[in-house]
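Here the structure is laid out as structure tokens; the discussion comes afterwards.
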There are 2 protein chains.
Amino acid sequence: MSVADEIRSKGRRMTVQRRLVLDALHRARHHTTAEEIARQIRARHPQIDPSTVYRNLEALEELGYVTHTHLDDRVTRWHRADVERHGHLVCRSCGSEQEIPLRTLEPLGRRLRTEQGFRADLAHSAIVGICRECAP
Amino acid sequence: MSVADEIRSKGRRMTVQRRLVLDALHRARHHTTAEEIARQIRARHPQIDPSTVYRNLEALEELGYVTHTHLDDRVTRWHRADVERHGHLVCRSCGSEQEIPLRTLEPLGRRLRTEQGFRADLAHSAIVGICRECAP
DNA sequence: TCCACTATTGCGAGAACTTGCGATAACCTG
DNA sequence: CAGGTTATCGCAAGTTCTCGCAATAGTGGA
Ligand SMILES: [Mn+2]
Ligand SMILES: [Mn+2]
Ligand SMILES: [Zn+2]
Ligand SMILES: [Zn+2]
């Protein structure tokens with residue numbers, strides 16, 4: 001079953017706008033911003049409103065094709081849901097970003113699960129701190 | 001040395017606006033939003049611009065009197081720097097917030113420190129997930 | 001192939017900040 | 001306790017994302 005058929009089977013619709021957002025996420029290697037996706041799409045299709053891009057990212061996330069993470073403070077980063085998940089370390093001094101395997105974060109996940117009954121998504125927000133180069 | 005003197009000794013100035021922001025943070029028990037602080041101050045001093053509140057929160061953070069955390073996605077929460085730090089668990093289903101002692105997060109902090117040389121600030125961003133009540 | 005239903009769109013307005021700028025007022029110095 | 005320096009302010013405009021609404025266009029069924 002194609003993605004379009006899957007989407008339709010859930011009572012949603014496959015529009016040209018939705019397809020374009022999905023394509024843009026496929027072309028992007030890593031996490032992109034909604035603004036960047038909107039910029040790319042509007043370069044060829046200026047009539048497509050940015051709000052449509054934001055709404056489609058949300059819809060595609062509900063449908064399970066897309067997720068988002070938060071790297072530095074404000075911006076939301078979007079990416080396909082089928083790429084391997086990983087955590088992020090962000091240096092608040094130099095801004096450098098580093099990926100870490102989820103395995104490193106798992107012990108904390110297990111602890112929160114058993115002690116608090118909380119199922120943590122430890123890849124959702126980057127961990128902020130000071131990187132090796134910036135530490136005195 | 002008073003806070004005002006400390007601030008002046010760093011080449012900054014103690015204005016009525018800055019004092020009001022500091023007072024508002026002192027009155028607030030926990031994390032507040034910039035908007036809430038601006039609302040309180042403007043109730044008595046309508047001529048004070050919201051942008052002044054935003055700029056003062058930033059300045060007071062640089063000066064070391066204030067810090068911020070991120071609970072759910074969009075809003076930044078501000079609080080005095082001298083209150084005890086703690087982590088947060090936020091449920092993405094029901095939105096509930098729960099505080100957890102930093103002690104729970106410390107093992108991960110040590111691991112990131114030794115394996116990556118990264119000094120993590122694990123209280124800066126809340127951990128997102130599904131709480132006990134919302135889990136099936 | 002045509003139709004009715006309604007998910008989705010574009011647009012305008014709004015929320016929540018951010019930024020540039022000229023005016024104001026802290027503050028240090030003497 | 002003036003006077004000059006400049007940090008800080010208020011204001012206006014810009015940015016990024018959100019939301020309500022009427023028009024449009026995918027869809028499944030006839
Ligand atoms: Mn932050
Ligand atoms: Mn998020
Ligand atoms: Zn760094
Ligand atoms: Zn919950």
Side-chain angles (χ1 to χ4, degrees), chain A residues 1-24 31-42 44-63 65-66 68-78, chain B residues 1-24 31-63 65-66 68-78 95:
Chain A
M1 191 154 71
S2 73
V3 171
D5 287 339
E6 281 178 24
I7 286 178
R8 277 190 281 266
S9 75
K10 290 169 187 160
R12 315 296 297 262
R13 294 174 187 178
M14 178 55 86
T15 63
V16 295
Q17 293 87 342
R18 189 156 290 168
R19 165 106 285 148
L20 286 167
V21 170
L22 219 38
D23 289 350
H31 11 69
T32 354
T33 64
E35 205 204 346
E36 169 64 15
I37 294 173
R39 204 189 52 67
Q40 281 180 30
I41 291 179
R42 283 165 63 80
R44 286 177 172 279
H45 309 270
Q47 78 283 9
I48 294 182
D49 197 78
S51 67
T52 298
V53 173
Y54 289 106
R55 283 194 275 226
N56 268 309
L57 287 168
E58 246 180 276
L60 290 168
E61 184 167 55
E62 280 172 29
L63 288 163
Y65 298 108
V66 167
H68 73 266
T69 56
H70 305 280
L71 287 197
D72 58 3
D73 292 348
R74 211 141 284 294
V75 205
T76 301
R77 310 294 189 111
W78 298 88
Chain B
M1 191 155 73
S2 73
V3 171
D5 287 339
E6 282 178 25
I7 287 177
R8 276 189 283 266
S9 74
K10 291 169 187 161
R12 314 297 296 263
R13 294 173 186 177
M14 178 54 88
T15 63
V16 295
Q17 294 87 343
R18 187 157 291 168
R19 166 104 285 148
L20 286 167
V21 170
L22 218 39
D23 288 351
H31 13 68
T32 354
T33 64
E35 205 205 346
E36 168 64 14
I37 294 172
R39 205 189 51 69
Q40 280 180 30
I41 291 179
R42 283 166 62 81
R44 285 177 174 281
H45 309 269
Q47 77 283 8
I48 294 182
D49 198 78
S51 68
T52 299
V53 173
Y54 289 107
R55 283 194 273 227
N56 267 309
L57 285 168
E58 247 180 275
L60 289 168
E61 183 165 56
E62 278 172 29
L63 288 163
Y65 298 108
V66 167
H68 72 265
T69 57
H70 303 281
L71 287 196
D72 57 4
D73 292 346
R74 200 103 214 92
V75 205
T76 300
R77 310 296 187 111
W78 298 88

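Heavy atoms only: backbone and side chains are in, while hydrogens, waters and symmetry mates are out. To find a chain, count down the sequence lines: A is the first, B the second, and so on, and within it residues start at 1.
With sequence neighbours excluded, the residues satisfying side chain to side chain donor-acceptor pair (under 3.5 Å) with A:H68 are A:E61, A:H70, A:H124. A:V75 pairs by the side chain to side chain contact (heavy atoms under 4.5 Å, CB included) definition with A:T33, A:D72, A:R77, not counting sequence neighbours.
Applying a 4.0 Å cut-off to non-hydrogen atoms, the residues of residues 47-62 of chain B that approach DNA chain D are B:Q47, B:I48, B:D49, B:S51, B:T52, B:R55, B:N56, listed by residue number. For the contact set between residues 12-21 of chain B and DNA chain C, defined by any heavy atom under 4.0 Å, the members are B:R13, B:M14.
To the nearest 0.5 angstrom, B:I41 atom CD1 is 9.5 Å from B:T52 atom OG1. A:M14 contributes atom CE, which lies 4.0 Å from atom CZ of A:R19 (distance to the nearest 0.5 angstrom). Taking CE of A:M1 as the start and CD1 of A:I7 as the end, the distance is 10.5 Å to the nearest 0.5 Å. Atom CZ in A:R42 sits 6.5 Å away from atom CG in A:D49 (nearest 0.5 Å). Put simply, CG on B:L20 and CZ on B:R18 are 12.0 Å apart, with the number rounded to the nearest 0.5 Å.
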* Asked: After noting the C-alpha distance and the side-chain angles of B:E6 and B:L63, does the key distance pass the side-chain contact (heavy atoms from CB on, under 4.5 Å) rule?
  -> CA-CA 9 Å; B:E6 282 178 25; B:L63 288 163; over 6 Å; no
* Report the C-alpha distance between A:W78 and A:L60 in whole Å, list the side-chain angles of each, state the deciding distance to 0.1 Å, and finish with yes or no for side-chain contact (heavy atoms from CB on, under 4.5 Å). => CA-CA 10 Å; A:W78 298 88; A:L60 290 168; over 6 Å; no
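Stem regions for DNA chain C, each three or more consecutive Watson-Crick or G-U pairs with both distances under 3.5 Å and listed by first number, read C:1-30 with D:1-30.
The span of DNA chain C lying next to chain B, judged by atoms under 4.0 Å from heavy atoms, is bounded 5' to 3' by C:dA16 to C:dC28.
What separates CZ of A:R77 from P of D:dC17 is a distance of 11 Å, to the nearest Å. Counting to the nearest Å, the P atom of D:dT15 and the CD atom of A:E36 are 17 Å from each other.
Contact detail for A:L57 and A:A34: the closest heavy-atom pair is CD1-CB, 3.6 Å. Nearest heavy-atom pair, A:I37 versus A:A24, reported as atom, atom and distance to 0.1 Å: CG2-CB, 3.9 Å.
Under 4.0 Å is where a charged nitrogen must lie from a carboxylate oxygen, and between B:R39 and B:E36 at least one such pair does.
In terms of position along DNA chain C, the nucleotide closest to B:T76 lies nearer the 5' end than the nucleotide closest to the other residue of the pair B:I7 and B:T76.
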